Every structure is written in structure tokens, then in C-alpha cells.
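Notes follow once the structure below has been shown.
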Protein chains: 2
Amino acid sequence: MGLPLPFTEAGRRSTGRVAGPARDAAHPCRRCEAVRDAALCGALTADDFQRLTALRCHAELRADITVFREGDIADHLYSVSSGTMKLYKLLSDGRRQIIGFLFPGDLFGLAIGGGYAYTAETVTACQVCRFSYRKFAMLTERLPGVERNMLSIAVKDLVAAQEQMLLLGRKTAREKLASFLLKLSRRKRDRGLDGGVVELPMSRADIADYLGLTIETVSRTFTHFKRDGIIGLPSHDQVVIADNAALEHVAESDH
Amino acid sequence: MGLPLPFTEAGRRSTGRVAGPARDAAHPCRRCEAVRDAALCGALTADDFQRLTALRCHAELRADITVFREGDIADHLYSVSSGTMKLYKLLSDGRRQIIGFLFPGDLFGLAIGGGYAYTAETVTACQVCRFSYRKFAMLTERLPGVERNMLSIAVKDLVAAQEQMLLLGRKTAREKLASFLLKLSRRKRDRGLDGGVVELPMSRADIADYLGLTIETVSRTFTHFKRDGIIGLPSHDQVVIADNAALEHVAESDH
DNA sequence: CGTCTTCTTGATAGTATTCAATCCTCGTGG
DNA sequence: CCACGAGGATTGAATACTATCAAGAAGACG
């Protein structure tokens with residue numbers, strides 16, 4: 001099932017000597033370098049970073065492409081260079097829970113032995129990098145810094161998952177959606193962008209499955225927020241946060 | 001607020017030479033050794049394990065004791081030697097989500113910089129060990145195996161958290177409780193014990209806050225399972241799994 | 001043995017879901 | 001350029017599941 005993904009080697013050996021990272025501006029992997037600080041290679045020397053780069057493969061994927069499925073043997077670690085992705089788990093009757101949305105700089109596919117715990121799918125067109133765990137392991141033996149980074153990423157993901165458990169288990173629909181919008185807004189602000197306008201690359205169905213709601217409830221709640229003057233909805237994939245304080249209030253105490 | 005916890009050094013230096021692990025059978029830290037394989041020190045040499053042991057502190061805590069609170073500066077890594085603990089997050093109005101229950105061999109307090117993401121509290125009387133992160137870091141520089149173990153623990157916790165997100169977001173009350181009972185049953189079976197009888201050291205309130213339900217719904221659902229002949233309830237803290245197949249069926253498709 | 005807490009059970013209410021229909025947006029083609 | 005079609009989004013009405021409020025039963029503990 002499923003066609004092989006178009007992953008291509010990034011830093012190819014042209015001679016016996018190790019080639020440096022591609023310098024061609026048109027090469028897609030320039031994008032990977034732009035986000036390297038955000039993810040795996042934080043505290044590496046230029047030299048070690050190059051070694052890591054050498055075993056990186058890259059792919060450009062259009063929207064709604066499955067990168068791997070829950071249960072697939074976990075043989076690669078992935079990184080999002082551009083675009084938005086989603087990770088989800090399914091119940092046998094089709095009910096779906098989206099575990100998280102991914103944005104440039106985010107890692108996915110972290111797994112220890114066995115298979116992936118979730119399915120990974122593109123939401124928009126994406127540029128994605130990946131490393132083979134097999135090759136990766138040989139390198140990380142010598143580079144404890146990479147494993148430390150992976151630990152710190154796993155812990156960060158764990159903290160985020162626990163926060164989401166609080167949301168799913170104990171928050172109302174209004175609180176859930178408000179929390180979601182604020183998370184997107186803060187993410188933009190943390191990157192120096194305007195947090196007052198938030199893009200929603202994902203569908204209402206995706207938002208619903210992320211927040212443990214139905215499409216209809218998500219839609220209705222958007223409408224309520226709009227009527228209350230808390231947000232503006234210039235288009236269905238763009239939210240203007242009109243009253244941040246009110247949104248923050250709703251996010252934690254609308255019970 | 002909060003009295004200091006009674007943590008005492010385990011392997012104390014009696015002379016200039018590093019003392020071995022306490023051999024006194026009465027010493028509470030014998031218990032820690034019994035569970036070492038389950039947690040942090042999996043692939044260590046006896047020598048390295050001893051070094052780790054040397055900086056371990058131990059405490060015996062009665063039920064309902066808070067070990068640390070969400071937001072406290074994360075300066076220690078903890079391990080449960082005996083008893084049951086719970087980790088939870090609170091909303092400002094008191095709504096609570098239990099992130100997980102912990103049993104002997106489980107680690108908690110994993111955090112990277114900043115504070116703990118949750119509050120940790122004993123459910124029953126517990127024996128708990130802890131390591132100072134400061135001292136710990138000095139040791140792990142030389143012991144990449146420990147960091148690898150921590151990564152694998154963090155990933156395992158992450159996978160469990162994602163499974164719980166599916167439960168909280170998409171399962172019905174019956175499915176939630178069935179999944180919970182099966183998880184406890186499988187845990188016992190994995191340790192070579194009888195999975196047909198499950199102990200519930202935690203209160204209905206704790207179960208409710210773990211499953212994103214109310215006390216009443218948990219109680220009613222127990223009663224339903226009993227009436228359906230799926231379980232027996234010899235006492236309120238003991239469950240006999242009378243029909244495992246039925247329980248597994250309910251856990252995944254009772255929608 | 002009495003009190004206190006926890007658990008169970010019952011009645012009612014409310015939030016979110018389900019089912020259904022309409023609206024909108026956007027891409028396509030005439 | 002505009003009509004058309006399709007998928008997604010919104011809105012409405014009715015239902016259902018779980019929460020809330022309230023009371024009684026069962027244990028736990030002194």
C-alpha cells in the first residue's frame with residue numbers, strides 16, 4: 001500500500017571527499033538549514049553538523065500525503081522544513097484523535113524500537129527531511145549532544161502532551177478553542193511575527209479531532225467568539241484576535 | 001507552605017573511600033535496587049550503578065503527600081520504589097486532570113529547565129528515591145547510557161500520553177473505564193502476576209480525574225460492567241475481570 | 001458503636017453530538 | 001466573465017451522553 005515517498009539524498013558525495021552541504025540556492029535542503037537551531041542540531045560544531053547533514057534525505061510533498069502510518073516499523077526520524085503536518089491516532093471505527101500539528105522546525109517520528117505510535121500526514125504542501133535511525137545511531141554514539149537534544153525535544157513534547165490531556169479531559173468547547181487559538185498566536189509571537197492574526201491551514205475537521213470535538217461544535221464556537229467580538233474571521237482560514245485578554249480569560253475559566 | 005520532605009542519603013560515605021550500596025537488609029534502599037532494571041540504570045556496569053546509587057536519597061511517605069507542585073523549580077529526578085503515586089495538573093477553578101498513575105519502578109520529575117509541569121502526590125504510602133539533577137548531570141556526562149535510558153523513558157511516556165489523548169478526546173465513558181482496567185490488568189500480567197484481579201489503590205475521584213469523567217459516572221459505569229457480568233467487584237478497591245474479551249471489546253468499540 | 005468519608009444510586013439539567021439542510025468558497029469549464 | 005459543481009463550513013432542530021444536584025448506603029476509623 002502507498003507509493004514510496006520521493007525522498008532524495010541531500011548532501012551527495014561527488015568524490016571520495018565528503019561534500020559540504022549543498023550551496024545551490026535552489027536546492028530544497030537550504031530550507032533545512034534555516035531551521036536547524038530549532039530542532040536537533042542545536043549545540044553541534046559545524047563539523048558534526050555537516051556529518052549529520054550528509055545522511056539527511058529530503059522530500060517535497062503535496063497536501064494530504066501520509067508519510068507513515070501508526071504501527072509502521074519506525075526506521076526514520078523526520079523534520080518539517082516547511083508547511084504544516086498532523087499526527088493522529090485512530091480507533092477501529094474511524095474515530096480520530098489528532099495528537100499534534102507540526103510546523104517548520106518540528107521533529108516527528110521519535111520512537112524507541114517497534115513501530116510509530118501515530119500516523120503522520122501533510123496538511124499543506126510540505127518540505128520534509130529525514131534521517132535513517134540506523135545510520136543516525138552510528139553517529140550519535142560519538143555525539144552525545146544530539147541525544148541530549150533528542151531528550152530535551154521528547155520532554156518538551158511530553159509536557160505539551162500533558163497540557164493537551166488537561167485540555168481534552170477537563171476543558172469546555174469554548175475553553176478548548178480559545179486555548180488552541182492562543183497556542184497558535186503565541187507560537188507566531190515567539191517567532192517574532194504578529195500574533196494578532198492567526199492562520200488556520202487545517203480544516204475544521206482537523207481542529208475538531210485535535211480538540212476532541214465535532215466539526216459543528218468547532219464551527220459554532222468560532223461563530224460565538226465572533227459575535228462576542230473576541231475574534232474576527234476574515235476568511236475561514238484566518239483568525240484576527242480582537243480581544244486577547246478576553247480570549248485568555250475564556251481559555252482558562254469558562255466553566 | 002509544605003514541610004520539607006524526609007529525604008535521607010542512602011549510600012553514605014563512612015570513610016574517604018566510596019562506600020558500596022547499603023547491604024543492611026533493613027535499609028529501605030534495598031527496595032530501590034529491586035526495581036533498578038525497570039527504570040534508569042538498565043545497561044550500567046555494577047561500578048557505574050554504584051556511583052549513581054551514591055547520590056540517591058530516599059524517603060518514606062504516607063498517603064496524600066505532595067512531593068512537588070506544578071511550577072516548582074525542577075531540581076530532582078524521582079523514582080517510585082513502592083506504593084502508588086499520581087501526577088496531575090489543575091485549572092484555576094480547581095478542575096483537575098490526572099496525567100498518570102505511577103507504580104514501583106516508574107520515574108517522575110523529568111523536566112528540562114524551568115519547573116515541573118505537574119504536581120506529584122502519593123496515593124498510598126510510598127517509598128521514593130530521588131537524584132539531584134545538579135549532581136546527576138555531572139555523572140551523566142560520562143555515562144551516555146543513562147541519558148539514552150532517559151530518552152527511552154521519555155519516549156515511552158510520550159507514547160503513553162498520546163494513547164491517553166486518544167482516550168480523553170474520543171472514547172466514551174464505558175470505553176474509558178474498560179481501557180483503564182485493561183491497562184492495569186496488562187501491567188500486572190507483564191510482571192508475571194495474575195491479570196484477572198486488579199487492585200485499585202486510588203479513589204473514584206482519582207479515576208474520574210484520570211479519565212476525564214465525574215465520580216458518579218465512574219461509579220455508574222462500574223455498576224453497569226458488574227450487571228453485564230464483565231467484572232466483579234468484591235470490594236470497591238478490587239476488580240475481578242470476569243470476561244476479558246468483552247472488556248476488550250468495550251474498550252475499543254462501544255460507540 | 002457512632003461519625004466521617006467515600007461510594008452508590010436517583011432525578012434533572014446542560015453541553016456537545018447527531019442528523020439534516022443550507023450556505024459559502026473556490027476551482028472548473030462553458 | 002459568469003455559471004456550475006463539489007467539498008467544506010455554517011446553521012438549525014432534536015437527541016444523547018455525561019454532569020450536576022441531592023440523598024442514601026457502605027465502609028473506614030477512632
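Lettering of chains follows the sequences in order, A, B, ..., and the numbering in each one begins at 1. As a basis for the values below, the full set of heavy atoms in this structure was taken, side chains included, without hydrogen atoms, waters or symmetry mates. These numbers were taken from a predicted model, which means no experiment stands behind them.
Note: CG (D254(B)) to C1' (dT18(D)) measures 14 Å, nearest angstrom. Distance H224(B) NE2 to dT18(D) P: 10 Å, rounded to the nearest Å. Between the CG atom of L200(A) and the P atom of dG8(D) there is a distance of 16 Å, given to the nearest Å. When the P atom of dT15(C) is taken as reference, atom NE2 of H255(A) falls 9 Å away, rounded to whole Å. Atom CG of D206(A) is separated from atom C1' of dG8(D) by 12 Å (rounded to the nearest Å). The CD1-C1' distance, from I231(B) to dT8(C), rounds to 13 Å in whole Å. Rounded to an integer number of Å, the gap from CD of Q238(A) to P of dC26(C) is 11 Å. Summarising the geometry, the separation between CG on L213(B) and P on dT15(C) is reported as 18 Å, rounded to the nearest angstrom.
With distances taken from any side-chain atom of R220(B) to the nucleotides dA16(C), dA13(D), dT20(D), the minimum falls on dT20(D).
Look at K176(B) and D254(B) and you find no salt bridge, because none of the NZ, NE, NH1 or NH2 atoms lies under 4.0 Å from a carboxylate O. Remark: D206(B) engages R96(B) in a salt bridge, criterion side-chain N to carboxylate O under 4.0 Å.
Phosphate contact (OP1/OP2 of dT25(C), side-chain N/O of S235(A), threshold under 4.0 Å): absent. Under 4.0 angstrom from either OP1 or OP2 of dT18(D) there lies no side-chain N or O belonging to T217(B). At the phosphate of dT8(C), OP1 or OP2 sits under 4.0 Å from a side-chain N or O atom of R204(B).
Residues I98(A) and L87(A) have side chains not in contact (no heavy-atom distance under 4.5 Å, counting atoms from C-beta outward).
With sequence neighbours excluded, the residues forming a side chain to side chain donor-acceptor pair (under 3.5 Å) with R95(B) are E175(A), D93(B), listed by chain and number.
Checked against Y210(B) for a side chain to side chain contact (heavy atoms under 4.5 Å, CB included), the options Q164(B), K86(B), M202(B) give a single hit: Q164(B). Between T66(A) and the choices T122(A), T119(A), L61(A), the side chain to side chain contact (heavy atoms under 4.5 Å, CB included) rule is met once, by T119(A). Evaluated for a side chain to side chain contact (heavy atoms under 4.5 Å, CB included) with M85(A), the options V128(A), I65(A), D106(A) yield exactly one hit, V128(A).
Nucleotides of DNA chain D nearest to R170(A) and A205(A) differ in position, and the one nearer the 5' end is that of A205(A). Residue whose closest nucleotide on DNA chain C sits further toward the 5' end, between V218(A) and T223(B): T223(B).
Residue contacts for S203(B): at a heavy-atom cut-off of 4.0 Å it reaches the sugar-phosphate backbone alone, with no base atom in range.
In this structure, L200(B) CG and F222(B) CZ are separated by 5.0 Å, a value rounded to the nearest 0.5 Å. Between E216(A) atom CD and T221(A) atom OG1 the span is 11.0 Å, to the nearest 0.5 Å.
The terminal axes of the helix from dC1(C)-dG30(D) to dG30(C)-dC1(D), fitted over 5 pairs per end, subtend an angle of 40° to the nearest 10°.
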Filtered N/O pairs between nucleotides 22-30 of chain D and protein, under 3.5 Å:
none

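A side-chain donor-acceptor contact under 3.5 Å links R204(A) to the backbone of H236(A).
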